[in-house]
There are 2 protein chains.
Amino acid sequence: MSDIAKKAGVSRQALYLHFPNRTELFIAATKAKDAEFHIDARLAPSRAAKTGRERLAAFVEAWGNYIPDIHGVAKTLIVLGETDEDAAHAWAERMADMKEGCAAAVAALARDGDLRPGLTEAQATDLLWSLLSVGLWERLVRDCGWTQKAYLDEVQRLARAALLDG
Amino acid sequence: MSDIAKKAGVSRQALYLHFPNRTELFIAATKAKDAEFHIDARLAPSRAAKTGRERLAAFVEAWGNYIPDIHGVAKTLIVLGETDEDAAHAWAERMADMKEGCAAAVAALARDGDLRPGLTEAQATDLLWSLLSVGLWERLVRDCGWTQKAYLDEVQRLARAALLDG
DNA sequence: GTGTCAATTGACACCGTGTAAAGTCAACCA
DNA sequence: TGGTTGACTTTACACGGTGTCAATTGACAC
């Protein structure tokens, strides 16, 4: 909190006039980033896609490219969530929203009959959601030094391999 | 530290007689778990595999089944690593060891000519290592409620889809 | 001018980590 | 048997971070 106050050019106590506690500050920061980076607009192409395959590709691209933009605040919230109930809940809510997007893409694939045999929609949704987790991005881009493009190409491939028929 | 001391039935200060600080305690706990759960023995079938494909399957199975056993201490070390240099280093070292196993499996695949065209050995190693991360296990098993078997089957499939030719 | 509002300063309580010192107790040994 | 050693306990404290509280300042609106 001291560091943030210093960066913001206000006193540490002033932060508590705006946010009840550290967790709420980061929750607000995450929401602010969502607005700043127009998450909803980025997901529009996915919603507009005609086929399930197109929808999957558009969703993976939108979310995969969104991760680096919000990684800072998102990561903080995740780490906070390991010890703070409220932070964990806030992040879980956020992830639930994202999972709805996954479910919609999976539903479109199922409608087209493109879903891999032996995979339920729920399983496919879980799988896509897991492949698009912040963790996998961190492993490949941050830890292994992959470019964003290489990461995205590979996740597209993985998503197709995991969900599609054939 | 208080909680641990209570569980152990000793005073909090006694812990500091055995470990210089909290981080070192958890590093020691992780090593103790490795010994308790015989990580080296579990990886033996992978090293003994004839073909690259067999080696990949054996390695994925061994590590994938190892994760739940060490998840408690491993997770603690990971979380600690977010704020503690030493913990981060300890975990990174551990991950480097694991990555060597990935590299060996990938090398066996390359030797057999089974590696997917357009994928270098280094990229394939990064990819396998990322698929076998604790994070993906947490997403599917802990967050989505998958069984260990369902997780393992899916990761086997993902690994094959990501690395193999065809 | 007065009231209001945002922010400041300074103080403090609480908790967790880590350090330090003095005391207890049992085992071992000459 | 008495003395030493070593592991552990109790008590105390320093430090840093979070969160609370009260008094004060300064600007702006009416």
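Below, all heavy atoms of this structure are taken into account, side chains as well, without hydrogens, waters or symmetry copies. Letters A, B, ... mirror the listed sequences (proteins, then strands); counts begin at 1.
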Exercise. Can you list, by residue number, the residues of residues 14-32 of chain B that have a non-hydrogen atom closer than 4.0 angstrom to DNA chain D?
Worked result: A14(B), L17(B), H18(B)
Exercise. Which ones in residues 72-84 of chain B lie close to DNA chain D, meaning a heavy atom under 4.0 Å from one of its atoms?
Worked result: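 The answer is none.
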Exercise. Got a donor-acceptor contact below 3.5 angstrom from the W91(B) side chain to the A74(B) backbone?
Worked result: no
For this session: Give a yes or no answer on whether the side chain of Q156(A) reaches the backbone of V60(A) with a donor-acceptor pair at less than 3.5 Å.
Result: no
Exercise. So where does chain A start and stop touching DNA chain C, 5' to 3', when the test is distance under 4.0 Å to a non-hydrogen atom?
Worked result: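 Contact boundaries, 5' end first: dA7(C) to dA11(C).
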For this session: Counting Watson-Crick and G-U wobble pairs only, both distances under 3.5 Å, name the nucleotide matched with dC30(D), or none.
Result: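 Result: dG1(C).
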Exercise. Y16(B), F26(B): one ILVMFWY side-chain cluster at the under-4.5 Å cut-off?
Worked result: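 Yes, one cluster joins them.
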Problem set entry | Those residues that, when tested against K75(B), pass salt bridge (Lys or Arg N to Asp or Glu O under 4.0 Å) (two or more places apart) | E82(A), E138(B)
Side-chain donor-acceptor pairs of residues 95-109 of chain B under 3.5 Å, sequence neighbours excluded:
| residue | atom | partner | partner atom | Å |
| --- | --- | --- | --- | --- |
| K99(B) | NZ | D126(B) | OD1 | 2.9 |

Exercise. Does the salt bridge (charged side-chain N to carboxylate O under 4.0 Å, His left out) test come out yes or no for R47(A) and E54(A), once each step is laid out?
Worked result: CA-CA 10 Å; R47(A) 280 190 295 270; E54(A) 281 169 12; over 6 Å; no
Problem set entry | Residue pair I70(A) / R94(A), side-chain heavy-atom distance below 4.5 Å | yes
Exercise. When the nearest nucleotide of DNA chain C is assigned to S2(B) and to G9(A) on a heavy-atom basis, which residue is associated with the more 5' position?
Worked result: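 Going by which nucleotide is closer to the 5' end, it is G9(A).
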Exercise. How long is the line joining CZ of R12(B) and C1' of dC13(D), in whole Å?
Worked result: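 Rounded to whole Å, this separation is 11 Å.
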For this session: Heavy atoms only: give me the nearest I27(B)-A90(B) pair and the separation to one decimal.
Result: CD1-CB, 3.5 Å
For this session: Kindly assign one of parallel, tilted or perpendicular to the pair Y151(A) and W137(A), based on the angle between their ring planes and the thresholds 30° and 60°.
Result: perpendicular
Exercise. Excluding sequence neighbours, so at least two apart, what forms side chain to side chain contact (heavy atoms under 4.5 Å, CB included) with F37(A)?
Worked result: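 Checked F37(A) against side chain to side chain contact (heavy atoms under 4.5 Å, CB included); matches are K33(A), R42(A), Y66(A), D69(A).
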